[in-house]
Every structure is written in C-alpha cells, then in structure tokens.
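A short worksheet on the structure shown next.
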2 protein chains.
Amino acid sequence: MKIMKEREKKTELLFETALELFAAYGYKKTTVDDVAARLSMTKGNLYFYVKNKKDLYEKTVNHALNQWKAAGQKAMESETDVVSQFRSMAIAAIEYIENNPTLRQVLMNDPSIFTISANEDRFRKTNESAMAILKAVLEEGVRQNIFYPMDVDHISEYLYSVYIMFLIKRYVKSESSSSKTMFREALELTIRGLVMSPVTTTAAQTTSKGGKS
Amino acid sequence: MKIMKEREKKTELLFETALELFAAYGYKKTTVDDVAARLSMTKGNLYFYVKNKKDLYEKTVNHALNQWKAAGQKAMESETDVVSQFRSMAIAAIEYIENNPTLRQVLMNDPSIFTISANEDRFRKTNESAMAILKAVLEEGVRQNIFYPMDVDHISEYLYSVYIMFLIKRYVKSESSSSKTMFREALELTIRGLVMSPVTTTAAQTTSKGGKS
DNA sequence: TCCTGAACAATTTAACGAAATGTTCAAAAG
DNA sequence: CTTTTGAACATTTCGTTAAATTGTTCAGGA
C-alpha cells in the first residue's frame, strides 16, 4: 500500500517499539538503554533519531495519535452524508482505542497527553488537527442546511472535549458506568442537537424563547 | 432565615475558615495549627470537631460543595417547566462558581475533588446527590413527553460529566476558549438533543435509520 | 549516512538526623 | 456534660550527603 524508505521504516519501528516499552513500564521506568537494546542498537545511536528522551516520548506518542486520527478520518471519508460522517468518525475512533491496548496503557500512564492546556505544547498540533477534521464536517453540515447554524469553532472544540472526557472516563480511569451503550446514547443525543428537522427551514434562530405550556 | 444551634454555627465557621486557608495555601501547606490559630483555639481542640486533618479537609470541601449544589437546586425549583428547570440549574451552577473565587481556588489546588472514581470515596455521595437532582428533572421531562425517551441513569451521568468537564476546562485549567458563550451554545445544543419537537409524538424511537438524500 | 563505545553530565536513590507537623489524652474550665 | 487546654508522643517532611543509575555528547569507524 505505502512505499516507504528504509529510514522511514526504521523510524516507524523505533516508535512502535518505544510505545510498547512506554506502555509496559511508563516514561520514567523505561530507559533509553531499554529501547536501544530492544532494537539491537546502542543508546548513543538513538540520539541520531531523536534529540533526547523527552523527544523520543513525544515523537512516539505523536506517531500513535496520528494513526488513531487517521482511523477516524478514514471512517469519515467512507461516508457520503454529514450525519453518517459524524457518527462513523466517532464510532471508529472509539473502536480504534478499544482494540489498541498498548496505546490505551500509555494514556493510562500519562493522561496529560490530552491536556491541550495553553502553556504546554506537546500534542497540541495533533489534537488540533483532529479537531480540524471534526470542524470540517460541522461546517459542511451547516453549509448543507442539515445542521443548525452554529459557531463551529466553539462547538467543534466542545464536542472534541466531550469525546476526550469519554475516553478518560472509560479508558484512563475505568469507571463503572460510561459503558459503550452510554457512549452511543450520548452520541445520538448530540446528533439530535446538531441536526435540524428534515424540513430545511432557513436560519432557524430559535433560541427557545417561547415557553411552551 | 435559618435557626442554628451554637454548635452548628461554630462548625460552619470552622469550615468556612478552613476553606479559606486551604484555598490560600493548599492542603499540604495548611497546618492544623494555622486553622486553629485563625479560630483562636488550640489545635488539640480541633480534634473535638474532626477526626484528623484529612477529615477536616473532606468535611470542609463537602460543606462547600453542598452549598453549591443547593444554589443549583434552588434555581431549578423556581422554574415550572422542565426545560427551564434544566437550563436554569446549569446556568446557576456555573454562576455560583463564577462568583466564588475561594471554592474555585480549592478546585484548582485539588482537581481530583471531581474524580468520582470507583476506588475513592471522598465526595462521591455529594456528587451523586447532585446527579440525582439532574436525574429527577430528566425523569420528569420524559414522563411529560417533553424529553425524548432515554436511559436517564446513563444520560444524567453523561450530562453531569460534561458539566464537570466544562468546570475543569474553564476554572481548573484556564483554557483560552471554553468561554461562557461556548457553555451557552453547548447547553442549547444539549437541550435540542433532549427535547422532542412541540408535536408530542408518542414513542419516537427514530434511531435515525433512514438516510435522507 | 549510520553506528559504536567510552567519557562526561545530570538525575535518582538511600540513608539519616533534625525540624516541623499531626495526633492523643489527662486534666481543667465553663 | 460539653468544650478547651497544653504538653507528651507519633509521624512525616526536610535538608544534606554519597553512591548508583541514567541521560547525553562526541571522536572516530563502518
């Protein structure tokens, strides 16, 4: 499918290997020696690929997050209408992590991966590009008069946050509830809140002012 | 308004004082001596009111959370229809914390107050009783055929989690976005997802199956 | 371009006494 | 009987050290 240069293949192997070790031992307990040894190279040589240990970790996690994002995007692109695109993207992303215990473990070891706080950079770019995909779907839905008019920047950020919250509840802490069915129910509730009724009225700015008795 | 016994008044003062100190210095840096001194008593006497330092902290935070909850409940009870009840409760809760920098600071110092994870008890009971109020509104809305039929346990937990997520985003981390307007937009989106269209059709089990072309 | 291995720098760990803080309780005050 | 005191006691933190581990650099070689 993909043609890859020798260098890329090696780098990819590096990230996959490192991810397994970070998952198994956590950031602190995995030594750069551990990673180098698993790849049958010396630790000195690792510094040919990454700047330092922190850089190794960030590149490794970024690599994993990008694959995750790609899975959601692929599912989205296989649908034609925006509602299905929205739904499939959400479901695919959940199923990806469901089937990826290694990445899940890394998230459990370091929940701050999702932080997106202003001061920290780290994975902001990756998170933002995932949000951008979501935003594009929302924009298209609004353009087609299928979704309510909205501030797509705010709502995409909001929905992304809700999605992250779900992930944390379900996979980082493993809470009693927050089951898969709960995710589906919340997803359908959200879609109802997004989608205008089949009758495409233009500019339905009903801020629900009129109290129905 | 409220008639209080001497003992209750003193306990209340204790919690208010402790909250200020925990807000200013954090759990670790506030000594029981600090709290006792501020109340002009010896630290030994504090142990007449609480079991130990941890207990002092938990009772203090619980006291504050309960007042917060009461503010939301009061706002809810002043409305007559479920949609307004839902909306007012959410808005009142946000405004309460908006106007309460001390409690806000305590939450910033210790975000795990909201955790509700299975292993930890701490504030579970308080959180659960807040969720119960929300759940009651949802149940009433479903009963009156104003809200879509739903699993109220799942959806109330979901909505409570979304609410907590907002609080954390806005007050614990202080993120660039997640503004007040974003909260309002998300609230309206949620209400649209909850409320059936004015035409009260019975058992609208539309799982959005029919693809609209 | 990629890799080695040894030198060097930085961080972590363990140990330990001193200081600070948390907790208990007999006795006293109200 | 309830509330408070104050000193004794228990526990945890802090500051300091030295050794061990781990991270990083780099001259040189495949």
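Quick note on labels: first sequence line is chain A, next is B, and so on, each numbered from 1.
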Under-4.0 Å salt bridge between A:Lys9 and A:Glu12
no
Start at the 5' end of DNA chain D and walk down; is the nucleotide closest to A:Lys29 or to B:Phe48 reached first?
B:Phe48
Indicate for each nucleotide in nucleotides 24-30 of chain D, in 5' to 3' sequence, whether protein heavy atoms under 4.0 Å reach the base (B), only the sugar-phosphate (S), or nothing (-).
BB-----
Assess the residue pair B:Glu77 and B:Lys74 against the criterion (salt bridge (Lys or Arg N to Asp or Glu O under 4.0 Å)); give the C-alpha distance rounded to whole Å, side-chain angles, the decisive distance to 0.1 Å, and a yes or no.
CA-CA 5 Å; B:Glu77 282 166 353; B:Lys74 195 182 157 195; over 6 Å; no
Any ion pair linking A:Lys125 and A:Glu128 (charged N to carboxylate O, less than 4.0 Å)?
no
Send over the distance from B:Lys28 NZ to C:dA20 P, rounded to a whole Å.
16 Å
Pair A:Arg87-A:Glu79, salt bridge (Lys or Arg N to Asp or Glu O under 4.0 Å): steps then yes or no:
CA-CA 10 Å; A:Arg87 184 183 290 110; A:Glu79 302 284 350; over 6 Å; no
Atom OH of A:Tyr27 and atom P of C:dT11 are separated, to the nearest Å, by 11 Å
Would you call the rings of A:Tyr27 and A:Phe22 parallel, tilted or perpendicular, taking 30° and 60° as the class edges?
parallel
Whole angstrom is fine here: how far is it from CE in B:Met41 over to P in D:dT3?
11 Å
When you measure from the side chain of B:Thr31, which nucleotide among D:dT3, C:dT21, C:dC2 comes out closest?
C:dT21
Given atom OH of B:Tyr49 and atom P of C:dG22, what is their separation to the nearest angstrom?
19 Å
Below 3.5 Å is the cut-off: list the nitrogen or oxygen pairs between protein and nucleotides 26-30 of chain C, distance only.
none

Does A:Met41 form a side chain to side chain contact (heavy atoms under 4.5 Å, CB included) with A:Tyr49? I'd like the steps, not just the answer.
CA-CA 12 Å; A:Met41 58 166 75; A:Tyr49 295 93; 4.1 Å; yes
Just compare D:dT5, C:dT13, D:dG23 and give me whichever is closest to any side-chain atom of B:Thr42.
D:dT5
Quick one: closest heavy-atom pair of A:Asn127 and A:Ile113, and the distance?
ND2-O, 3.8 Å
Rounded distance (Å) that lies between atom P of C:dG5 and atom CG of A:Asp33:
12 Å
Just how far is it from atom CE of B:Met165 to atom CZ of A:Phe166, taken to the nearest 0.5 Å?
11.5 Å
Under the 3.5 angstrom rule, does the side chain of A:Asn66 hit a backbone N or O of A:Asn62 as a donor-acceptor pair?
yes
